[in-house]
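Reviewing the structure listed below.
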Amino acid sequence: MMRLTLRVWRQPGPDARGEFRTYIANGVSEHMSFLEMLDVVNEDLLVRGDEPIAFDHDCREGICGSCALMINGLPHGPKRATTACQLHMRSFRDGDTITVEPWRARAFPVLRDLIVDRSAFDRIIASGGFVSAPTGSAQDANAILVSKDRSDLAMDAAACIGCGACVAACPNGSAILFTSAKVAHLGLLPQGQPERDRRVLGMVRQMDLEEFGGCTLFEECEAACPKEISVENIARMNRDVLRATLRDRGQVPVEVAGG
Amino acid sequence: MKLDAKIPGGPLADKWDRHRADLRLVSPANKRKFHVIVVGSGLAGASAAASLAELGYQVSCFCFQDSPRRAHSIAAQGGINAAKNYQNDGDSTWRLFYDTIKGGDFRSREANVYRLAQVSASIIDQCVAQGVPFAREYGGMLANRSFGGAQVSRTFYARGQTGQQLLLGAYQALERMIGKGAIKMYSRHEMLELVVVNERARGIVARDLITGEMASFAGDAVVLATGGYGNAFFLSTNAKGCNVTAAFRAYKKGAGFANPCFTQIHPTCIPVSGEYQSKLTLMSESLRNDGRVWVPKAHGDARAPREIPEAARDYYLERKYPAFGNLAPRDIASRAAKEACDDGRGVGPGGRGVYLDFSSAIQRLGEATIRERYGNLFEMYERITGENPYTVPMRIYPAVHYTMGGLWVDYNLMSNLSGLHVIGEANFSDHGANRLGASALMQGLADGYFILPYTIGDYLAGTKLEAVDASHAAFKEAETRASTQTSRLLSISGTRSVDSFHKELGHVMWNDCGMARTRDGLQRALTRIPEIRAEFWENVKVPGSAATLNQSLEKAGRVADFLEFGELVCLDALQREESCGGHFRTEYQTADGEARRNDEAFAHVAVWEHRGLEQAPIRHVEPLDFEFVKLATRSYK
């Protein structure tokens, strides 16, 4: 059993001032997940009459993308390709001090404690991150052939869980890994071709409107990504932006921009 | 309570086509005059909201998560069934229908299940058109794998993340329509009341989870796509936020709740490791394609698994069910694991686990192939347990996973409450007493893409709806009711946390209403649950205020509903005096321990009508007529 010191960001609301507060976590088992450790701390706080630490979480299986904790300055903590919900306490040692913060980025305002507003990601998808295929209009699935290699690459990009770790890791708060993963997923597939130009221009424009920063080329995003989304997708997206800009002279059709 | 299933006449294969031809239509110009409220944004909700908006309806969609993309459908791993017969192995609509109805232990409606099998192929077409990256063969065609309860390969998959990819497809379609202004999305909103005006569902009251504000939303029809209630057991594979609140509040407003005792225990989950455990993690059933399940033959054989020789191992599924072996349906595989552990042959901490061993598959196919098929699942297992499943067999144990029961709906997916439609896991309609693997995704998308968009039009075209907006007294009354409950929860100021009550309820549910149920146990639970509930309302501690983001308050409301709903599950389990599918009553079993159905007395849907907490609910019955299949004892031997 471990005893840990936690420094946790507490902020009562979006406009309130936040601060670090220190808590002791006793009796932490190495088999607990990081979130289960927080559950135990929260039970303790509650019994003592304090308000529990608010944090987003849902599936606790590393797939829903809800959890969003900066642990000791690293999005999702120290373990490679692992979300905070699947980070287990065996990654820490008895006596450790652990700092827990929310994602910090202008486009992700803090709502409370460790919870941020990531709805900017939804708006980026709404600005082109789809194939327009109204229900009922599809042909037989095997009429579209996709080579296995291409399909696998598309799947690699599609594995993004939209957690925002890439943004949190980037010194500029750039959403380029997130955006490029969707651009690449659909752009690699034949189904994504007709809207390829509109998609990339619409999504990039929305990304800028949301005040995400520009790419730093540091590749911190890839290192932080719990699904190991590759920065190669950024190269793919940049190519697509160039292609689309040259072909369409930078004109994003109004409809693509959403709203 | 009037229960008319509205099943169309005629031959099974023609029912849906004929029905579609008979459904009334709303003209394109009139569609935009109708406002449909969709609660939930998982596979069923997102696909329905997108499809309805594409048709031209005004749609509002609600989810409690911070983004519709996070609905729990995202966690489904293994795959989605469809009767494409791409493998030329003899699959057909009839076979998928038959497997599903047999897998459900003959407790579902023939017409609904047949329709599900019919539209299954269109789902795959639709998803591929959206860009869902299903697994493919080198020739560019779609790949398939086999799954429990079937002898053909009809399961389409995207690595171990099929639910994620299908949900992202539906989510992208949803976001596309949001971008066009055709759908208004309300994330971080939780439905707390269904509003009924003149006996029709006309809207909801939802709480904004950021500001705490209670608001009313009026519409012409309400669609609940709010998932299942597995979290009544506290520990389940469901996401932490999954709850029964929307469905249960609809039940309290008069919607019938069907077969609540039909809950599914999934055989391949990672065992519990301690008291702090907050949820259980599922390992896809597809692992049983290549993994072999075993326990030591001898009691108390504490040797490391690799040191136990073949002769001292009991591959009990292969032994008991030679025809299906490790691919026996979920209910059967789960009970068999429980039996082995109850017999004192379980492995791991507390003896509550069995091995799932890949060594022979690795020998036969090589580690690379196994990695390709299950790599991400193996990694997940290692992350959680700290053990490497390429060298040490996995330990698994059953856990609550899915709930077949749900709000009663007719063939049009409308509940007995006019205007209230229920789709996906939230309804009861297609899986009977047990769901087959890879069928939940199929049903959610069938309902949302291909069934509801037709049937809701019939309701809207054929119903005279008076103008109702959120200023109507019924909305004010519902808002007051919802606010009163939140204030009451905050004012109790007791000494125990919400979680402690939830865990206590979960223990009762798991022990007395879990994998094996007895009359005594269920009666004990029915005494105990009201006691826990009474203490909850006297001694729960919910800190903070109603006017902010308050996760304790959110949980408290959900647990308050589970504390009432759990009783309904136990009552239903008590009164269904037979064993079928996931509902196993130890009093009703064959000599060799298999479920013994009682078709004469229980070939029906049990539908519960709420009458207030002081009075017991009334159990109504919808008889199940089997015109086209012969009721048979399930055998996977």
Side-chain angles (χ1 to χ4, degrees), chain A residues 13 29 31-32 35-36 39-40 43 46-47 51-52 54 56-66 82 86 88 90 111-112 115 118-119 121-122 125-127 129-135 137-142 144-148 151 154-155 158-159 162 185-186 189 191-192 258-259, chain B residues 50-51 54 65-67 69-70 72 74-75 84 86 122 124-126 128-131 133 136-142 158-159 161 164-165 168 172-173 175-176 178-181 187 210 239-241 273-274 276-279 281 380 383-384 386 449 453 497 499 541 543-544 548-549 551-552:
Chain A
S29 150
H31 297 301
M32 285 179 179
L35 303 190
E36 284 169 344
D39 290 343
V40 173
E43 284 285 302
L46 189 101
V47 171
E51 282 200 54
D56 264 329
H57 65 97
D58 202 23
C59 78
R60 299 198 174 197
E61 291 185 19
I63 193 74
C64 75
S66 294
T82 303
Q86 296 223 298
H88 280 66
R90 63 182 78 89
L111 295 173
R112 176 164 203 167
I115 297 181
R118 288 171 286 188
S119 55
F121 272 8
D122 291 329
I125 298 295
S127 305
F130 47 74
V131 171
S132 298
T135 305
S137 56
Q139 58 186 328
D140 184 80
N142 261 349
I144 304 171
L145 297 182
V146 186
S147 80
K148 183 172 185 309
S151 172
M155 179 64 210
H185 158 211
L186 299 175
L189 295 172
Q191 303 93 303
Chain B
S51 302
E54 285 162 6
Q65 297 89 345
D66 74 322
S67 161
R69 67 178 291 151
R70 307 207 199 283
H72 188 54
I74 201 139
K84 280 285 199 187
Y86 281 164
S122 307
I124 304 304
D125 299 341
Q126 179 62 28
V128 166
Q130 291 169 343
R136 287 178 184 268
E137 306 292 354
Y138 282 105
M141 307 276 186
L142 292 161
R159 297 197 185 140
Q161 294 128 273
Q164 179 200 27
Q165 293 309 316
L168 291 180
Q172 286 161 203
E175 287 295 339
R176 171 173 167 258
I178 294 171
K180 282 178 175 287
S187 296
I210 300 174
K240 293 294 285 176
S273 71
Y276 50 80
Q277 190 95 30
S278 63
K279 75 152 294 184
T281 301
M380 179 161 85
R383 236 176 265 135
I384 292 172
Y449 283 134
S497 71
D499 274 354
K541 186 179 178 83
T548 57
L549 195 160
Q551 293 178 313
S552 305

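Residue numbering restarts at 1 for every chain, and letters A, B, ... go by the order of the sequence lines.
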Heavy-atom pair of closest approach, residues A/V40 and A/M32: CG2-CE, 3.8 Å
When A/E61, A/H185, A/Q139 are compared by non-hydrogen pairs under 4.5 Å with chain B, the top option: A/E61
Region of B/I384 in contact with chain A, defined by heavy-atom distances below 4.5 Å: both
Shortest non-hydrogen contact from A/L186 toward A/G129: CD1-C, 3.7 Å
Residue part contacting chain B, namely of A/H31, when any heavy atom lies under 4.5 Å: both
Contact check, side chains of B/S552 and A/P52, non-hydrogen atoms, under 4.5 Å: yes
Contact origin within B/Q165 toward chain A - heavy atom pairs under 4.5 Å: side chain
With A/R60 via side chain to side chain donor-acceptor pair (under 3.5 Å) - residues at least two apart: A/D39, A/H57, B/S278
A/R118 side chain near B/R70 side chain, heavy-atom distance below 4.5 Å: yes
Residue A/L35 versus chain B: region with a heavy atom under 4.5 Å: neither
Carboxylate-amine/guanidinium contact B/K84 A/D140, below 4.0 Å: yes
Set of side chain to side chain donor-acceptor pair (under 3.5 Å) partners for A/S151, sequence neighbours left out: none
Contact leader toward chain A among B/P453, B/A239, B/G241, where contacts are heavy-atom pairs under 4.5 Å: B/A239
Largest heavy-atom contact set with chain A, pairs under 4.5 Å, which of B/Q277, B/E54, B/H72: B/E54
Non-hydrogen side-chain atoms of B/K279 and A/E36 separated by less than 4.5 Å: no
Contacting region of B/S67 [heavy-atom separation from chain A under 4.5 Å]: both
Option in B/M380, B/Q130, B/Q164 with maximal non-hydrogen atom pairs under 4.5 Å from chain A: B/Q164
Ion pair A/E51/A/R112, N-O distance below 4.0 Å: yes
Toward chain A, the part of B/I210 with a non-hydrogen atom under 4.5 Å: side chain
Pick from B/L549, B/D125, B/V128 with the largest number of heavy-atom pairs that fall under 4.5 Å of chain A: B/D125
Atom group of A/L189 that falls short of 4.5 Å from chain B, counting heavy atoms: side chain
Contact winner vs chain A - B/R159, B/Q161, B/K541, heavy-atom pairs under 4.5 Å: B/R159
Pick from B/S51, B/A129, B/G386 with the largest number of heavy-atom pairs that fall under 4.5 Å of chain A: B/A129
